[in-house]
Amino acid sequence: MEIRDAVEADAGRLAELADSPPDVMRNLVHDRTVRVATESEEDVVGFVSYDAKQGTVHVTQLAGSTEVCERLLKEPITFAQRERMAVELLVPADESEVEAAVEATGFTDSGSGPKFAGESTVRYRLEPEAAEQ
């Protein structure tokens, strides 16, 4: 598995993985740090997007199998380690593969997050000292 920066041409595949419109994903590629996991040069199997604000790296989207998500989470975690920042993300209640990856990489459940389109989320956080281990 290779990890690389997302490019605009990936927007269609990212839209499939995130169940979002391609235009939204095209904007995401331009507005956030987006890394993709590929099995071959053209076969995108997952992605992570994140940005940093007020001392915290916020993972805004994560998609792929549990194994792919675990590998992709290393990207924002590594960035956060260098900057001595915490990492946070929200996981929709029905995304068990993503939840398994988040827990396997050391995040802790920080309680309920906001609802999106009526769907409950769980807030996860990884403190800087935990990210360094």
Side-chain angles (χ1 to χ4, degrees):
M1 175 181 346
E2 297 292 322
I3 306 294
R4 64 169 171 78
D5 287 329
V7 296
E8 192 170 309
D10 295 322
R13 178 63 179 135
L14 299 182
E16 291 172 11
L17 288 167
D19 194 25
S20 293
D23 287 345
V24 170
M25 301 316 287
R26 207 172 285 102
N27 289 337
L28 183 76
V29 169
H30 292 289
D31 296 341
R32 304 262 192 279
T33 300
V34 182
R35 305 280 288 160
V36 296
T38 59
E39 289 293 328
S40 67
E41 197 165 307
E42 298 297 319
D43 188 20
V44 174
V45 295
F47 77 97
V48 63
S49 64
Y50 59 97
D51 63 359
K53 292 180 186 173
Q54 302 171 335
T56 303
V57 175
H58 297 275
V59 175
T60 56
Q61 291 197 328
L62 179 63
S65 69
T66 299
E67 177 187 340
V68 169
C69 288
E70 281 183 44
R71 175 59 186 91
L72 286 166
L73 281 169
K74 291 180 183 178
E75 299 295 313
I77 290 171
T78 300
F79 175 82
Q81 287 172 337
R82 283 193 310 263
E83 301 299 321
R84 297 222 185 281
M85 299 171 86
V87 185
E88 281 192 353
L89 74 153
L90 300 172
V91 178
D94 66 344
E95 291 190 17
S96 58
E97 285 196 77
V98 171
E99 185 176 36
V102 168
E103 290 176 356
T105 53
F107 285 81
T108 57
D109 182 329
S110 295
S112 297
K115 288 188 176 193
F116 291 108
E119 189 173 348
S120 297
T121 62
V122 177
R123 184 181 311 274
Y124 284 90
R125 186 170 173 91
L126 183 66
E127 294 299 334
E129 55 276 358
E132 293 174 6
Q133 296 177 1

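Residue indices begin at 1 and follow the sequence shown.
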Looking at every non-hydrogen atom in both residues, tell me the closest pair between [X] and [Y] and how far apart they are.
X: Ala11; Y: Pro22; answer: CB-O, 3.8 Å
X: Ala6; Y: Val36; answer: CB-CG1, 3.8 Å
X: Ala101; Y: Cys69; answer: CB-CB, 3.5 Å
X: Ala37; Y: Val68; answer: CB-CG1, 3.7 Å

Candidate pair Leu90 and Phe116, rule side chain to side chain contact (heavy atoms under 4.5 Å, CB included), full reasoning: CA-CA 10 Å; Leu90 300 172; Phe116 291 108; 3.5 Å; yes
Presence of salt bridge, Arg71 and Glu75, under 4.0 angstrom: yes
Listed partners of Thr108 passing side chain to side chain donor-acceptor pair (under 3.5 Å), at least two apart: none
With Glu8 via side chain to side chain donor-acceptor pair (under 3.5 Å) - residues at least two apart: His30
[X] [atom1] to [Y] [atom2] distance, which is reported to the nearest 0.5 Å:
X: Leu17; Y: Leu62; atom1: CG; atom2: CG; answer: 10.5 Å
X: Thr60; Y: Asp51; atom1: OG1; atom2: CG; answer: 6.0 Å
X: Ser49; Y: His58; atom1: OG; atom2: NE2; answer: 12.5 Å

Is any side-chain heavy atom of [X] closer than 4.5 Å to a side-chain heavy atom of [Y]?
X: Thr38; Y: Asp43; answer: no
X: Val34; Y: Leu14; answer: yes
X: Arg123; Y: Pro114; answer: yes

Salt bridge (Lys or Arg N to Asp or Glu O under 4.0 Å): pairs with one or both residues in residues 94-119, sequence neighbours excluded: none
same_hphob_cluster(Val91, Leu72) at 4.5 Å side-chain heavy-atom cutoff: yes
Stepwise side chain to side chain contact (heavy atoms under 4.5 Å, CB included) test for Arg35 and Asp5: CA-CA 5 Å; Arg35 305 280 288 160; Asp5 287 329; 2.9 Å; yes
Val29 and Asp10: CA distance, side-chain angles, deciding distance, side chain to side chain contact (heavy atoms under 4.5 Å, CB included) verdict: CA-CA 9 Å; Val29 169; Asp10 295 322; 5.5 Å; no
Test side chain to side chain contact (heavy atoms under 4.5 Å, CB included) applied to Tyr124 and Thr105, step by step: CA-CA 11 Å; Tyr124 284 90; Thr105 53; over 6 Å; no
